[in-house]
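Report on one structure; see the data block that follows.
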Amino acid sequence: HGGGRIINIGSLSAISPRPHSAPYTTSKFALAGLSQSLALDGRPYGISVGIIHPGNVESELLSKETIAERELEGFLQPQQVADCVVSMANMPASANVLEMTIMPTPQPLVGRG
């Protein structure tokens with residue numbers, strides 16, 4: 001029988017880091033690599049693994065300074081990220097979303113910095 005699905009939460013920083021974010025970027029890049037390795041290793045057992053890379057997400061964990069710095073980039077609501085998790089979780093066992101990126105429309109990604 002077996003099978004299952006693992007959904008990890010990464011970050012845009014795994015794709016395009018911000019300045020002065022080496023520890024955070026390293027952890028998210030590592031999670032992206034782990035997700036790909038687990039997707040490969042889990043495949044024979046019917047285990048699919050994917051990662052969601054959210055952009056700015058509104059959170060009480062952010063300082064007022066960070067919110068002010070990123071105001072023009074916009075923020076996602078946590079529920080929008082949760083909706084992505086549900087979408088990936090509801091895929092049939094025969095399908096896997098390896099990576100998903102969700103971000104506020106005005107947030108820069110390519111050429112960020």
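Numbers here are sequence positions counted from 1. Because only heavy atoms are used, hydrogens play no part in the values below, and waters and symmetry mates are left out as well, while side chains stay in. Quick caveat, the model's predicted, so the values are computed rather than measured.
Inter-residue side-chain proximity for P108 and E73 is flagged as met; some heavy-atom pair is nearer than 4.5 Å. Taking 4.5 Å as the limit, some side-chain heavy atom of I7 sits within range of a side-chain heavy atom of I52. Between R70 and R18, some side-chain heavy-atom pair lies under the 4.5 Å cut-off.
Both V81 and V97 belong to a common hydrophobic cluster when Ile, Leu, Val, Met, Phe, Trp and Tyr are linked at side-chain heavy-atom distances under 4.5 angstrom. Hydrophobic clustering of Ile, Leu, Val, Met, Phe, Trp and Tyr side chains at less than 4.5 Å, counting indirect connections, unites I6 with L34. With hydrophobic clusters built from ILVMFWY side chains whose heavy atoms lie under 4.5 angstrom apart, I51 does not share a cluster with I102. Linking Ile, Leu, Val, Met, Phe, Trp and Tyr residues whenever their side-chain heavy atoms come within less than 4.5 Å leaves M103 and M100 in two separate clusters.
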Scan the side chains in residues 22-31 for donor-acceptor partners under 3.5 Å anywhere in the protein, sequence neighbours excluded, and list what turns up.
{"unit_1": "Y24", "atom_1": "OH", "unit_2": "S11", "atom_2": "OG", "d": "3.4"}
{"unit_1": "T25", "atom_1": "OG1", "unit_2": "S21", "atom_2": "O", "d": "3.0"}
{"unit_1": "T25", "atom_1": "OG1", "unit_2": "S21", "atom_2": "OG", "d": "2.9"}
{"unit_1": "T26", "atom_1": "OG1", "unit_2": "A22", "atom_2": "O", "d": "2.7"}
{"unit_1": "S27", "atom_1": "OG", "unit_2": "Y24", "atom_2": "O", "d": "2.7"}
{"unit_1": "K28", "atom_1": "NZ", "unit_2": "I9", "atom_2": "O", "d": "3.3"}

May I have the list of side-chain donor-acceptor pairs in residues 86-95 shorter than 3.5 Å, sequence neighbours left out?
{"unit_1": "N90", "atom_1": "ND2", "unit_2": "V86", "atom_2": "O", "d": "3.2"}

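Minimum heavy-atom separation, P54 to G10: CD-O, 3.5 Å. Taking each heavy atom of G50 and S35 in turn, the nearest pair found is O-OG, 4.3 Å. Pairing each heavy atom of L62 with each of F75, the nearest pair is CD1-CE2, 3.6 Å.
Open room surrounds CG on L72; 12 or fewer heavy atoms of other groups in view lie less than 6.0 Å from it.
Under the 3.5 Å distance criterion, the side-chain polar atoms of Q107 are matched with a main-chain donor or acceptor of N56.
Partners of N96 under the side chain to side chain contact (heavy atoms under 4.5 Å, CB included) rule, at least two apart in sequence or in another chain, are R5, S48, L98. Residues satisfying the side-chain hydrogen bond (donor to acceptor under 3.5 Å, both in side chains) test with E71, not counting sequence neighbours, are none. A search for side-chain hydrogen bond (donor to acceptor under 3.5 Å, both in side chains) contacts involving E99 returns H53, not counting sequence neighbours.
Atom CG of D41 sits about 9.5 Å away from atom CD1 of I47, to the nearest 0.5 Å. The CD1 atom of I67 sits 8.0 Å away from the OG atom of S59 when rounded to the nearest 0.5 Å.
The list of side chain to side chain donor-acceptor pair (under 3.5 Å) pairs with a residue in residues 75-85, not counting sequence neighbours, reads E58-Q77, Q79-D83.
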